[in-house]
Amino acid sequence: MAQTTYIADIAKYLGQEVTLQGWIYNSTQKGKLQFIMLRDGTGIIQCVLFKGNVSDELFDACLALTQESSARISGTVTEDKRAKGGFELQISGVEILQVAGEFPISPKEHGIDFLMEHRHLWLRSALQHAVLRVRHEVIRACRDYFDNLGFTLIDAPIFTPAACEGTTTLFETNYFDEKAYLTQSGQLYMEAAAMAFGKVYCFGPTFRAEKSKTRRHLTEFWMIEPEVAYCDLAMDMQYAEGLIAYIVERVLDNRQEELKRLERDISKLEAIQKPFPRLDYDDAAKILKDAGSSFVYGDDLGAPDETIISQKYASPVMVTHYPADVKAFYMKRDPQRNDRALCVDVLAPEGYGEIIGGGQREDDLQALLARIKAHNLPQEAFDWYLDLRKYGSVPHAGFGLGLERTVTWLCGLQHIRETIPFPRTISRIYP
RNA sequence: UCAGGUGUAGCUCAAUCGGCAGAGCGGGUGGCUGUUAACCACUAGGUUGGAGGUUCGAGUCCUCCCACCUGAGCCA
């Protein structure tokens, strides 16, 4: 096949004859004049066809082009203010590959269930396209951030023998004659990797069988999880803050067009600056009490509580030192206050909620053993993990950033389900 | 799991007190040389989520079930 010309590069071909390969996004006819909006995955361009410029047969064939029909369209690139994007293709030839059947998704409005049922086709629409391009930029930014800091990417397994926390939120599956679970976090494996490589991260899908039906939950979502040896909570928070600031910067630099299409208020992203506000649990509790929340001191923060706190600041907020009882067994306790965990949650602005959870890990063997017992966890399952405390244990810390929640926030979306190509929720595993 | 809501044409939604099942879009046909979700005319398109019940009469009222949406809890 000949070298493809893409719509994204169309300005380079002004005045030249090119052939574009794509799909009909929309078309309008006006008697002897046709406008065909062609998309090719990199952009959309208006193609103009006058009767008389091509054969009557071809003109009539183009009239029959339906939404999402596939075609190669040749013509001369011109500049025209009347066209969206400023460029047009004056059609000289059309090679129709397929005339599509009636496309289910029209340019008019649709309900969410209908769109999700047609997710495989919905991906072609401009807004979904924009969201997934932002997602791609966020993924690249995460990788670049850690790669540039000398981290090593270590992939965590997806089949796991036991839970990180309780088994109620795990998807169980058969593993030959045994039970296995889909991973809920790569963290424990990253701790092993950090003891080998110093600075590591993993980036992959994780699975939670939580029966959550909210705009913030998926049963399958992607997390980036760094883990660093010889790292304390303060340093961990610097990494978290640095990562988020870098992601925001990259998206603002490279995805302006997509953010505009999503009608995102870009000034809200531009306002984000290091250092992020830092609150400890008691500070947060005071804010909630003053705001009249039903929050109970000693409990974890609820979703409405996170909204109250995050809306007080322009940048993401870092909340630290939660009561150890509401956090996972592997969290290290604060030596100053033994009932507090050396942990941090990062809350996205504008009420988007928690996007990062992390902290310093318990590095003392006896303390960890006691914690496993207290949480009624099967010690055998953690023998390998306990080995990490027997052979050169060091202070270490890490966190997990939820990719889809981050993208939801950056795009200013109402719901997380549009930020992953094929969302899995409690009520959907199709398509 | 709990609470609230929704379910009517391919899609998005109307239908007053229980009284003829309707519109826009999309589809089809015709018209139009600057359309941007074009416009104009005509046209086809219905097991009102399912099962029972009340009634002369049910999209509408009652019971049960199903699906989906939103939120809570839990979490990223």
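Atoms considered below: every heavy atom in the structure, side chains included; atoms not considered: hydrogens, waters and symmetry mates. The sequence lines fix the lettering, A, B, ..., with proteins before strands; numbering per chain opens at 1.
- Rounded to an integer number of Å, the gap from CG of A:Leu65 to P of B:G28 is 12 Å.
- One P atom belongs to B:G7, the other to B:C62, and the distance between them is 14 Å to the nearest Å.
- At a cut-off of 3.5 angstrom, counting only N and O atoms as typed in the model, there is a donor on one side and an acceptor on the other between the side-chain of A:His217 and the base of B:C75.
- The aromatic ring centroids of A:Trp122 and A:Phe422 lie 6.0 Å or more from each other.
- Side chain of A:His110, nearest nucleotide from B:G34, B:C11, B:C69: B:C11.
- Comparing the C1' positions of B:C32 and B:C42 gives an interatomic distance of 16 Å, to the nearest angstrom.
- Residue A:Gln67 is out of contact with every strand shown, counting any heavy-atom pair closer than 4.0 Å.
- Annotated as anti: B:C61, whose glycosidic dihedral deviates from 0 by more than 90°.
- Comparing B:U33 with B:G22, their P atoms are spaced 37 Å from each other, to the whole Å.
- Here A:Lys327 does not reach the OP1 or OP2 of B:C74: none of its side-chain N or O atoms lies under 4.0 Å away.
- Of the two residues contacting RNA chain B, namely A:Leu218 and A:His415, the nearest-nucleotide position lying further toward the 5' end is that of A:His415.
- Here the side chain of A:Lys211 is nearest to one of B:U33, B:C32, B:U1, namely B:U1.
- In this entry the distance linking CD1 of A:Ile426 with P of B:C75 reads 16 Å, nearest Å.
- Nucleic acid contact for A:Asp345: none, since no nucleic acid atom lies under 4.0 Å from a heavy atom of the residue.
- Between the CG atom of A:Leu115 and the C1' atom of B:C69 there is a distance of 13 Å, given to the nearest Å.
- The two residues A:Val131 and A:Leu262 make their nearest non-hydrogen contact at CG2-CD2, 3.6 Å.
- For A:Leu33, taking side-chain heavy atoms from C-beta onward, the closest of the listed nucleotides B:A76, B:U33, B:C68 is B:U33.
- Tested against A:Leu342 for a side-chain contact (heavy atoms from CB on, under 4.5 Å), the candidates A:Arg361, A:Lys332, A:Arg333, A:Glu362 yield a single pass: A:Lys332.
- The base of B:C74 lies close enough to the side chain of A:Ser212 for a donor and an acceptor atom to sit less than 3.5 Å apart.
- Checked against the 6.0 Å centroid threshold, A:Phe151 and A:Phe197 do not count as a close aromatic pair.
- The gap from the C1' atom of B:U48 to that of B:U60 amounts to 10 Å, rounded to the nearest Å.
- Base engagement by A:Phe35 is indicated by at least one non-hydrogen atom pair under 4.0 Å involving a base atom.
- For the pair A:His118 NE2 and B:C68 P, the computed distance is 16 Å after rounding to whole Å.
- Here A:Gly353 lies out of heavy-atom contact (under 4.0 Å) with every strand.
- Using a 4.0 Å cut-off between charged side-chain N and carboxylate O, A:Arg124 and A:Glu68 make a salt bridge.
- Each of B:U70, B:A76, B:U33 was ranked by its minimum atom distance to the side chain of A:Lys32; first place goes to B:U33.
- Of all nucleotides listed (B:C75, B:G73, B:C11), B:C75 comes nearest to the side chain of A:Asp300.
- Among the nucleotides B:C69, B:U35, B:A76, the one closest to the side chain of A:Glu88 is B:U35.
- For the C1' atoms, the distance from B:A44 to B:G10 is 13 Å, rounded to whole Å.
- A salt bridge does not link A:Glu418 to A:Arg119: none of the charged side-chain nitrogens sits closer than 4.0 Å to a carboxylate oxygen.
- Remark: the separation of the C1' atoms in B:U54 and B:G46 is 25 Å, to the nearest Å.
- Salt bridge status for A:Lys327 with A:Asp345: present, with a side-chain N to carboxylate O gap under 4.0 Å.
- A:Phe207 places none of its side-chain heavy atoms less than 4.5 Å from the side chain of A:Thr219.
- What you find for A:Pro423 and A:Leu218 is that their closest heavy atoms are CB-CD2, 4.0 Å.
- The separation between A:Gln29 atom CD and B:U29 atom P is 11 Å, rounded to whole Å.
- Here the separation of B:A76 from B:G4, taken at their P atoms, is 30 Å to the nearest Å.
- Note on A:Arg417: a side-chain N or O is less than 4.0 Å away from OP1 or OP2 of B:U70.
- As judged by a 4.0 angstrom heavy-atom cut-off over every strand, A:Ile416 is placed among the base-contacting residues.
- The aromatic ring centroids of A:Phe382 and A:Phe329 lie less than 6.0 Å from each other.
- Put simply, CG on A:Leu121 is 14 Å from C1' on B:C11, counting in whole angstrom units.
- Atom P of B:C20 sits at a distance of 15 Å from the matching atom of B:G57, rounded to the whole Å.
- For A:Ser427 and A:Arg405, each mapped to the nucleotide of RNA chain B holding its nearest heavy atom, the one lying further toward the 5' end belongs to A:Ser427.
- Listed by first residue number, the stems of RNA chain B with at least three Watson-Crick or G-U pairs below 3.5 Å are B:1-7 with B:66-72, B:10-13 with B:22-25, B:27-31 with B:39-43, B:49-53 with B:61-65.
- Annotation for A:Ala83 and A:Glu88: closest pair CB-CG, 3.5 Å, computed over non-hydrogen atoms.
- Comparing atom distances between the A:Glu102 side chain and each of B:A72, B:G27, B:A76 picks out B:G27 as nearest.
- Considering only side-chain N and O atoms, A:Arg216 lies nowhere under 4.0 angstrom from the phosphate OP1 or OP2 of B:U70.
- Between A:Ile91 atom CD1 and B:U33 atom P the separation is 17 Å, expressed in whole Å.
- The distance between atom CG of A:Asp299 and atom C1' of B:C74, rounded to the nearest whole Å, is 13 Å.
- Closest contact between the side chain of A:Ala303 and the listed nucleotides B:U33, B:U35, B:A72 involves B:A72.
- Contact of A:Gln34 with B:U35 (side chain to base): no donor-acceptor pair of N or O atoms is detected under 3.5 Å.
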